[in-house]
Amino acid sequence: GAVVSQHPSWVICKSGTSVKIECRSLDFQATTMFWYRQFPKQSLMLMATSNEGSKATYEQGVEKDKFLINHASLTLSTLTVTSAHPEDSSFYICSARDERRGVGNTEAFFGQGTRLTVV
Amino acid sequence: GESVGLHLPTLSVQEGDNSIINCAYSNSASDYFIWYKQESGKGPQFIIDIRSNMDKRQGQRVTVLLNKTVKHLSLQIAATQPGDSAVYFCAETYSGGYNKLIFGAGTRLAVHP
């Protein structure tokens, strides 16, 4: 199966600093990647859809200036949490689809997640 | 039996028993559904999927049932093993759109020896 790699797997940062999380599709190209956020004991909440070469599409209630998304290549999308605060502490997960599987394929492969702790 | 925890309901089963995890989806336009397993501190892992033109699909030890009339999905796990202990999520999407996956609330499966 296709592999999606996230980096770092965990990060601790000071309040007010920015943190960048990378999501890479290792053996396939993904024009679309998705970013999710998950609080403890809760489900995954879609934050935004990352489109290669264009602006990301954010879900309602997600601050685009707070969560900066860049999808500069077919294998890399980054999420930057700017001016992080303790309430931004969460588990962030990305996913991508393998475009080789053709139009209409909707199976998504997930990264291993990044646990962000803001102190 | 089932119980509702702080946020995730929990299904407790004995090793070797069959498990049934239920999910209600929200969008009648959704045409593709997936079950994921998530272990603590990890990303979701694909288990099985089903398209809306089917009502049942079987995999190895798992079966997914789809009832479009009441917008309900279930995941059946046969001969549940301790390694099946995890949180299970259903997800829905509409393949005619830009394919974003929307996740259900999740159920924690606890398998006791």
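Here is the naming used below: chain letters follow the sequence lines, and residue numbers restart at 1 for every chain.
Taking a 6.0 Å sphere around CD of B:Q60, one finds it holds 12 or fewer heavy atoms contributed by other residues, nucleotides or ligands. Heavy-atom contacts from other residues, nucleotides or ligands closer than 6.0 Å to NZ of B:K42 number 12 or fewer. Annotation: A:H7, atom NE2; neighbour count of heavy atoms from other residues, nucleotides and ligands within 6.0 Å does not exceed 12. Counting heavy atoms of neighbouring residues, nucleotides and ligands inside a 6.0 Å radius, atom NZ of A:K20 does not exceed 12 of them.
In the hydrophobic clustering of this structure, B:L66 groups with B:I47; members are Ile, Leu, Val, Met, Phe, Trp, Tyr whose side-chain heavy atoms approach within less than 4.5 Å, directly or through other members. Under the 4.5 Å side-chain heavy-atom criterion for grouping Ile, Leu, Val, Met, Phe, Trp and Tyr, A:F28 is not connected to A:M33 through any hydrophobic cluster. Both B:V13 and B:L75 belong to a common hydrophobic cluster when Ile, Leu, Val, Met, Phe, Trp and Tyr are linked at side-chain heavy-atom distances under 4.5 angstrom. Hydrophobic clustering, with ILVMFWY side chains joined whenever heavy atoms are under 4.5 angstrom apart, keeps A:V19 apart from A:I12.
In terms of modelled atom types and a separation under 3.5 Å, the side chain of A:S43 and the main chain of B:G104 share a donor-acceptor contact.
Between chain B and the residues A:Q6, A:M45, A:Q38, the most heavy-atom pairs under 4.5 angstrom are made by A:Q38.
The shortest heavy-atom contact between A:L46 and B:K100 is CD2-CD, 3.5 Å.
Both the backbone and the side chain of A:L44 come within contact range of chain B, each with at least one heavy atom under 4.5 Å from a heavy atom of that chain. At a 4.5 Å heavy-atom cutoff, A:F39 makes no contact with chain B through either its backbone or its side chain. Contacts of B:Q38 with chain A are made by side-chain atoms alone, with heavy-atom separations under 4.5 Å and no backbone atom involved.
Partners of B:K56 under the side chain to side chain contact (heavy atoms under 4.5 Å, CB included) rule, at least two apart in sequence or in another chain, are B:Q58, B:T63, B:L65.
Side chains of A:F34 and B:L101 form no contact here, defined as non-hydrogen atoms less than 4.5 Å apart.
At a heavy-atom separation below 4.5 angstrom, chain B is approached by A:F110, A:G111, A:Q112 within residues 110-119 of chain A.
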